[in-house]
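Just below is one structure, and these are the notes that go with it.
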Amino acid sequence: MSGSSTEGIKTVLHPVSDLAASKVVYTALLGIPPQADSPYYVGFDAEGQHIGLVPNRGPQAMTSPVAYWHVGDIEAKLAEVTAAGATVKEPPRDVGSGRLVATFTDPDGNVLGLLQDP
């Protein structure tokens, strides 16, 4: 192991077909209004976790929720998991303000995410 441990799952993105209807349900579930609210993304920060709603499967063509493991070094962790048998789905990319995200699949095809904050 390289020592590039994870900080745990802190972000989960959910693909939704009706953003407005889903926003109402998640607001009721979490008991707070969204902190990010736009036509292309709605995000809630609740109890140390970020829950995001991505309309129309998003640019990643999501088919199910994706849990993002927060890491200190996304490149090192991606190399570690691919050496262990994972396959890169989406290489690291900046999604704004220096935040990097990447996705990979495990041997069964489950999509997992990595997220590195600046």
Side-chain angles (χ1 to χ4, degrees):
M1 294 259 166
S2 70
S4 60
S5 66
T6 68
E7 300 168 17
I9 297 172
K10 296 182 181 180
T11 302
V12 179
L13 301 184
H14 298 269
V16 299
S17 59
D18 185 331
L19 188 61
S22 295
K23 180 170 59 173
V24 173
V25 170
Y26 281 82
T27 298
L29 171 66
L30 300 169
I32 58 171
Q35 285 70 45
D37 192 351
S38 69
Y40 59 88
Y41 187 80
V42 172
F44 299 85
D45 291 313
E47 302 297 327
Q49 291 188 322
H50 183 78
I51 306 301
L53 307 178
V54 181
N56 304 315
R57 302 179 356 139
Q60 311 91 333
M62 297 170 65
T63 57
S64 64
V66 176
Y68 283 81
W69 294 83
H70 287 230
V71 297
D73 185 338
I74 198 168
E75 294 285 352
K77 184 53 75 177
L78 196 57
E80 190 175 328
V81 298
T82 55
T87 303
V88 174
K89 180 172 173 32
E90 179 184 35
R93 67 182 173 94
D94 191 316
V95 294
S97 303
R99 173 175 271 190
L100 301 175
V101 298
T103 56
F104 63 93
T105 58
D106 70 11
D108 290 306
N110 296 304
V111 178
L112 303 166
L114 299 175
L115 187 152
Q116 177 187 320
D117 280 320

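Just so it is clear, the values below take in all heavy atoms, side chains as well, and ignore hydrogens, waters and symmetry mates.
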Residues at least two apart in sequence or cross-chain that pass side-chain contact (heavy atoms from CB on, under 4.5 Å) with Asp117, listed by chain then number, are His70, Arg99, Leu115
d(Ser17 OG, Leu53 CG) to nearest 0.5 Å is 11.0 Å
Item to complete: Indicate if Val81 and Val88 have the same hydrophobic cluster label, given that clusters are the connected sets of ILVMFWY residues with side-chain heavy-atom separations under 4.5 angstrom.
Response: yes
side-chain contact (heavy atoms from CB on, under 4.5 Å) filter on Pro92, not counting sequence neighbours, yields Ile74, Glu75, Leu78, Ala102
Sequence neighbours excluded, the answer for side-chain contact (heavy atoms from CB on, under 4.5 Å) partners of Ala46 is Leu30, Ile32
> Is there a donor-acceptor pair under 3.5 Å between the side chain of Thr103 and the backbone N or O of Glu90?
Replying inline: yes
With sequence neighbours left out, the residues meeting side chain to side chain donor-acceptor pair (under 3.5 Å) with Asp18 are none
For Asp94, the side chain to side chain donor-acceptor pair (under 3.5 Å) test, sequence neighbours excluded, returns none
So the ring-ring contact (aromatic ring centres under 6.0 Å, His included) pairs with at least one residue in residues 17-36 (sequence neighbours excluded) are His14-Tyr26
Salt bridge (charged side-chain N to carboxylate O under 4.0 Å, His left out) pairs touching residues 19-38, sequence neighbours excluded, are Lys23-Asp37
Hits for salt bridge (charged side-chain N to carboxylate O under 4.0 Å, His left out) against Lys10, two or more places apart or cross-chain, chain-then-number order -> Glu7
The side chain to side chain donor-acceptor pair (under 3.5 Å) partners of His50 (sequence neighbours excluded) come to Tyr41, Asp45
The ring-ring contact (aromatic ring centres under 6.0 Å, His included) partners of Phe44 (sequence neighbours excluded) come to none
Taking a hydrophobic cluster as the set of Ile, Leu, Val, Met, Phe, Trp and Tyr residues connected by side-chain heavy atoms closer than 4.5 Å, whether directly or through intermediates, do Val54 and Leu29 fall within one such cluster?
-> no
| said: Same cluster or not: Trp69 versus Val101, using hydrophobic residues (I, L, V, M, F, W, Y) connected whenever any side-chain heavy atoms lie under 4.5 Å apart? | reply: no
Connected to Val24, directly or through other members, by ILVMFWY side-chain contacts below 4.5 Å are none
In terms of heavy-atom contacts, Pro55 and Pro39 come closest through CG-O, 3.5 Å
Applying side chain to side chain donor-acceptor pair (under 3.5 Å) to Gln35 and not counting sequence neighbours gives none
Check: Is the shortest heavy-atom distance from the side chain of Thr27 to the side chain of Pro34 under 4.5 Å?
Finding: yes
Rounding to 0.5 Å, atoms OG1 (Thr11) and CD1 (Ile51) come to a distance of 8.0 Å
- Common cluster, Leu13/Ile9, ILVMFWY with side-chain heavy-atom separation under 4.5 Å: no
Q.
Test of understanding: clusters of I, L, V, M, F, W, Y form through side-chain heavy atoms closer than 4.5 Å, transitively. Do Tyr68 and Leu114 belong to the same one?
A. no
Tightest non-hydrogen contact, residues Pro107 and Gly85, listed as CG-O, 4.3 Å
Are any side-chain N or O atoms of Asp108 and backbone N or O atoms of Asn110, one a donor and one an acceptor, separated by less than 3.5 Å? no
